[in-house]
Amino acid sequence: MKEYDHKKIEKKWQNEWDKNKIYTAKTGKAGKKFYGLIEFPYPSGAGLHVGHIRSNTAMDIISRKRRMEGYNVLYPIGWDAFGLPTENYAIKTGIQPAKVTKQNTDTFRKQLKMLGFSFDWSREVNTTDPAYYKWTQWIFLQMYKKGLAYKAKTEINWCPKDKIGLANEEAEGGVCDRCGGPVEKREKEQWMLAITKYADRLDKDLDTVDYLEKIKIQQRNWIGKSEGALVKFDDIEIFTTRPDTMYGATFIAIAGKADRFTGQYVTNPASKEKIPVWEAEYVLGDYGTGAIMGVPAHDERDFEFAKKNKIKISQVIMPVLRDLKNLPRNDKKDTKRDVVHVILRNLKNKEILLAFLKDESWGDNKPINFIIGGIEEGETEVEASIREIKEETGYTDVEFKEKLSIETCAEFFQAQKDVNRIVHVRTLVFNLLSEKKVEINEEEKQKHDFKWIPESQVASKITIPDDTLAWKYYQVGGFAYEGEGTLINSGEFTGMDSEVARKKITEYVGGKIVTKFKLRDWVFSRQRYWGEPIPIVNCDKCGYVPLNEKDLPLELPKVKSYEPTDNGESPLANITAWVNTKCPKCKGKAKRETDTMPNWAGSSWYFLRYTDPKNKKEFASMKALKYWMKNGVDWYNGGMEHTTLHLLYSRFWHKFLYDLKVVPTKEPYMKRTSHGMILAESGAKMSKSVGNTVNPDEIVKLYGADTLRMYEMFMGPFDQAVSWSTESMIGPRRFLERVWRLGLKVASPTQQNFRALPSLRGLRHAENSPMSAQLLTILHKTIKKVTEDIESMNFNTAVSSMMMLLNDMEKCESVQIKDYKIFLQILAPFAPHIAEELWLQMGERKSIHLSKWPKYDPKKLENETVKIGVQVNGKVRAELVIGKDEDEDEIKAKAMRDENVIKWMDGKSAKKIIYVKGRLVNIVI
RNA sequence: GGGUCAGUGGCGGAAUUGGUAUACGCGCAACACUUAAAAUGUUGUCUGCUUAGCGGAUGCGGGUUCGACUCCCGCCUGACCCACCA
């Protein structure tokens, strides 16, 4: 075989691996186990997406490396096949969903096999297989028995188009998760799962697992645990997590226990030192060097309310300022929703606050963090600000700073879009007020367009009596501190730690500390056909009765039409022969539940089934679970879009099963990472309807699976979104071709050919033969790099380091087989087919994927000599070649002797010489 | 508004976590090979200038440091998630 023929090689090895079952996981095998998991795909009609390939390849690389490291590896695959797209397709075409699913999974299987993933295909599961969903139903029955599954009449999100009830989570923003249409509210009897009973544990146990921090944060946000004060005033209930801040002041004010009261404080963000500001009711806003900001109000209701209650709105400040009266909404395209900061003043008494709280136009949620303050008669807002600054700081010499305040404020009105200028102003203020007094020269003034500031004032240095005051001033311009700290100006709570104050203030106003969760119970019913039937009957006498376990699975009957009924019942409701049944308890007349489960159900426990997929007696034997699930799934990778719902639901089910003592761990997944999306070349999301998808079949045909895998790993950081570029795929392809050609030469008995090969003409290291020490160093560095990069999922740099190694090997006079073989081994997880073929060519008979992962030799990582930079005053002026173990003083002396260095030192003596080992020398003069 | 992350050549992106910025790949240019093209190889490719050299560049403005893509402060822009709820 002369040319690299990916078609031949890939086909050959896929068959070979299949035949020899080298990826089959053996339960109970002695030694270390590794369970690597990817989210099992939904077999859609569109076929495999390049995004699937990205995440599958990543976990395939990890799994292959683990195998080579001696682990017993389970890397399973299956199908999350229940769900709406298939059902909609069935509605359109009349083809049975089961048939569609079969077609689609066949396609997916073929596509996945063609990519050479090391899945254990003998453990394939399918959520729509009755042998599988028997156990999904079984788990549901256990939940029912424990009172976790219940029926409740709830107002549900109803999509009139899909005729389906949606979980809260699926109807975000009042839009149907599936069809994008508007969602209505509708009353319906629904099966519910009491996930809220597990809310606290779902939150707490996140501490015990190794998930990416952002994933934990998302989980926690969704669960939404918050501890706070619940206070009742008349008929109004208010909840806040921060009764120690302005909220507390408001409570106290409403409770009539004080007119003005609060516990605001600020912190120097640099030193973390807590610095008291003056009366904390006055907190300057983000842009408010000239204005006192009260509440961040939210929309026009703020203004309506203010008008109604004759509250003066003194100022409106927005990122780009607008006139309140003709406030256009969303005039800037693509802006986020408008948020308006309003300063509400003269909110002096309880009545107004109560009026606000009772004002129904707000709905349930109202901002209550008003600042109580005031403007004196005849005063403008700016004047009031200045007065307050003067009064509160007690610092009289504020003329200049006042000026700045006014000017800054005025700038907002005059130069609404000249944002840069505002930045300059703020910077100037900062410089003047912080301990470093900055002098601004003429040039800088021009550059930064400071001309509006009177020159004399800029030029004169302003002396601030003490740093604290400077900080105060600065702080007020930028921060309203809401972190933890010590209360100031808060009456009897002054000096109290904010954590303690939360409790004390709550007590003081007669409230109580409560724990709340945002999480709601899971609406588990779907009025659809293509899902697991809920194994419950409704008996006239006995009410809801669960099926006997021996009667599971309750199989989906065949229907003629897959349309939901007009009143929103599932198509199952039309099959009277199926619906009418006997009560398992009293044997009397009963009707089957016609709702089915959501497709989250089957995916909530599939990783357990993989451990023992053929078991007919249990969902999985404890023996298999104890083996594979020891410490849980070792590594679970998936998309960010599943990090809230799927992760939460499956953790919930797992915890429930743990309580039943049928699984060995509290948490299902030990480690969770996530991959970035692959976008279309344009940077937009790939979608079939837009027609910007990439067909992996064609790519594999043209370039091969190994090239596709290499490219997807090389295209960018694994956890970030990257745009697809078919053009760039040629890079990895060329790389593999060069690997191939080099391999043939290395394997050939006469290394003569080595020189003759045109690609190896540039003999840069000709003087070092046969294998230079330098190249050996590079080889070991590469082993180290690839080994580590796989663990941290920095696949892109792993690939690039292998490319560098190849570049160097090609330029070498000769490469020994044993060294080339090491290179093949670290390449093998990425490009398994070509590596296997070349491995064979090197005379090996056992699969490379069962060979031992190479170890680097730390002694070989360092070169004998190393080139370092020599800086003079931080600028690189010379280069120096030094020995590995050369003495520091010697190196420094050598650097000083350098021609260029001498030139740049210009006869001056060195104040200080800094040497960073193996990096550089910096001479400070 | 809140949370998380990001901003480096024409493009995708590197940078040992504070130490010679732009690795690796794509693209582009020139050359070699060829009747020619493709393929392959070699060399070059941030930018400006008075080009054996010197200066400027990592979204913008500052700061700390002998030294900053990296740390700190302020700001701008974008992405994703969440929300008129902190």
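Computed from heavy atoms alone, side chains included, the values below leave out hydrogens, waters and symmetry copies.
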Residue pairs, two or more places apart or on separate chains, that pass side-chain hydrogen bond (donor to acceptor under 3.5 Å, both in side chains) and touch residues 709-719 of chain A: A/D60-A/R709
Which letter, B, S or -, goes with each nucleotide of nucleotides 23-31 of chain B from 5' to 3', with contact meaning a protein heavy atom under 4.0 Å? BBSSS----
Parallel, tilted or perpendicular: ring planes of A/Y4 versus A/W740, cut at 30 and 60 degrees: tilted
Is there a donor-acceptor pair under 3.5 Å between the side chain of A/R733 and the backbone N or O of A/L702? no
Within the side chain of A/E681, is there an N or O that forms a donor-acceptor pair under 3.5 Å with the backbone of A/T726? yes
A/M710 side chain reached by A/V799 side chain, heavy atoms, under 4.5 Å: yes
So A/M715 and A/I678, do their side chains get closer than 4.5 Å, heavy atoms only? yes
In whole Å, what separates the [atom1] atom of [N] from that of [M]?
N     : M     : atom1 : value
B/A6  : B/A38 : P     : 42 Å
B/A30 : B/A14 : C1'   : 27 Å
B/C73 : B/C24 : C1'   : 36 Å

Scan every strand shown for a Watson-Crick or G-U wobble partner of [N], both distances under 3.5 Å, and answer none if you come up empty.
N     : result
B/U65 : none
B/C75 : B/G59
B/A86 : none
B/C80 : B/G3
B/A39 : none
B/C33 : none
B/U45 : B/G27

Between A/V916 and A/N900, whichever has its closest RNA chain B nucleotide further toward 5' is A/V916
Given RNA chain B, 5'-ward residue of the pair A/I217 and A/K912, judged by closest heavy atom: A/I217
As a test of reading the structure: which of B/G3, B/A21, B/G13 is closest to the side chain of A/P717, going by heavy atoms? B/G13
Out of B/C66, B/C81, B/G12, minimum distance to the side chain of A/N922 belongs to B/C66
If you count every heavy atom of other residues, nucleotides or ligands that lies below 6.0 Å from A/E791 atom CD, does the total exceed 12? yes
If only side-chain N and O atoms of A/W904 are considered, is one of them under 4.0 Å from the OP1 or OP2 phosphate oxygen of B/C54? yes
Report yes if a side-chain nitrogen or oxygen of A/K875 is closer than 4.0 Å to either non-bridging phosphate oxygen (OP1 or OP2) of B/G56; otherwise report no. yes
Which heavy atom in A/I891 sits nearest to a heavy atom in A/L880, and how many Å separate them? O-CD2, 3.9 Å
Based on the glycosidic angle (syn within 90° of 0, else anti), state the conformation of B/G67. anti
Glycosidic conformation of B/U42, syn or anti, with 90° from 0 as the boundary? anti
